[in-house]
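Sequence lines set the chain letters: A, B, ... in the order given, protein chains first and strands last, and positions in each chain run from 1. Model, not experiment: these values are computed from the prediction.
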Amino acid sequence: GQQVMQIPQYQHVQEGEDFTTYCNSSTTLSNIQWYKQRPGGHPVFLIQLVKSGEVKKQKRLTFQFGEAKKNSSLHITATQTTDVGTYFCAGGTNFGNEKLTFGTGTRLTIIP
Amino acid sequence: EAEVAQSPRYKITEKSQAVAFWCDPISGHATLYWYRQILGQGPELLVQFQDESVVDDSQLPKDRFSAERLKGVDSTLKIQPAELGDSAMYLCASRRARQVNEKLFFGSGTQLSVL
């Protein structure tokens with residue numbers, strides 16, 4: 001079945017440093033969504049990418065979808081303590097049954 | 001903003017007992033999902049409903065898990081009998097339509113501990 005892997009599994013950064021998480025799918029995706037889960041919370045939708053090579057920005061967050069639609073990345077510039085949490089990508093496929101498969105997640109901790 | 005409601009928030013049970021979780025999706029959301037999330041991992045799909053029909057339950061351990069959404073609105077997930085390995089967060093999510101490009105709205109989850 002489809003697998004979605006993320007690296008790194010954990011990332012500890014000093015406040016103000018940048019952070020990047022990478023997402024790789026074993027199959028071609030129709031779209032990719034990113035979610036953030038705060039400690040003790042539930043996943044909350046951040047953004048969706050649909051087009052090959054697409055880049056979207058939300059303030060300090062930059063999301064990219066690879067040309068082959070099999071990988072994606074999330075980059076945070078100048079991290080803040082509010083960025084703490086686990087970031088999940090979720091790959092969508094349209095092959096018979098519309099399905100979102102979540103990645104393994106990257107847990108970000110910030111050192112003040 | 002409308003939310004997905006789940007109860008209970010926490011559940012502690014002994015192995016071999018039966019447990020049930022309830023979910024009420026956002027009004028008008030036809031598609032409902034139950035996910036299981038083990039600590040440190042991503043959500044894993046257990047079952048997907050479109051209205052009252054099961055669309056995908058390929059990852060649901062059917063010997064002990066069951067799920068229903070009788071009137072196409074709220075849903076119940078049951079485990080009988082519970083096993084130690086079932087300890088996890090059970091998340092319910094809904095989306096407006098079945099299309100894969102619709103975003104998911106998650107409830108706060110039920111944290112299950114099996115002793």
Looking at B:S108, B:G107, B:P43, which one has more heavy-atom pairs under 4.5 Å with chain A than the rest?
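Top count of heavy-atom pairs under 4.5 Å with chain A: B:P43.
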Assess the side chains of [X] and [Y]: does a donor N or O sit below 3.5 Å from an acceptor N or O?
{"X": "B:W22", "Y": "B:T110", "value": "no"}
{"X": "B:D51", "Y": "B:S53", "value": "no"}
{"X": "A:T109", "Y": "A:H12", "value": "yes"}

Parallel, tilted or perpendicular, as decided by the 30° and 60° cut-offs, for the rings of A:F102 and B:F106
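Perpendicular, since the angle between the ring planes exceeds 60°.
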Knowing that exactly one of A:R107, A:R60, A:K59 qualifies, which makes a salt bridge (charged side-chain N to carboxylate O under 4.0 Å, His left out) with A:D83?
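So the option named by the test is A:R60.
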So if I take each residue of residues 65-93 of chain B and look for any heavy atom under 4.5 Å from a heavy atom in chain A, which residues do I end up with?
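Listed by number, the contacting residues are B:L91.
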Does B:Q41 reach the main-chain N or O of B:I38 with its side chain, forming a donor-acceptor pair under 3.5 Å?
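A pair under 3.5 Å: no.
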Determine, step by step, whether B:T31 and B:H29 satisfy the side-chain contact (heavy atoms from CB on, under 4.5 Å) criterion, reporting the C-alpha distance in whole Å, the side-chain angles of both residues, the deciding distance to 0.1 Å, and the verdict.
CA-CA 6 Å; B:T31 312; B:H29 280 198; over 6 Å; no
Give, as side chain, backbone, both or neither, the part of B:Q37 having an atom under 4.5 angstrom from any heavy atom of chain A.
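The answer is the side chain of B:Q37.
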Name the region of B:F105, side chain, backbone, both or neither, that has any atom closer than 4.5 Å to a heavy atom of chain A.
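No part of B:F105 comes within 4.5 Å of chain A.
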Contact origin within A:Y35 toward chain B - heavy atom pairs under 4.5 Å
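Looking at A:Y35, just its side chain touches chain B.
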So which part of A:Q37 gets closer than 4.5 Å to some heavy atom of chain B, the side chain, the backbone, both or neither?
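Looking at A:Q37, just its side chain touches chain B.
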Which heavy-atom pair separates B:V55 from B:Q50 by the least distance, and what is that distance?
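Looking at all heavy atoms of both residues, the shortest contact is CG2-CB, 3.3 Å.
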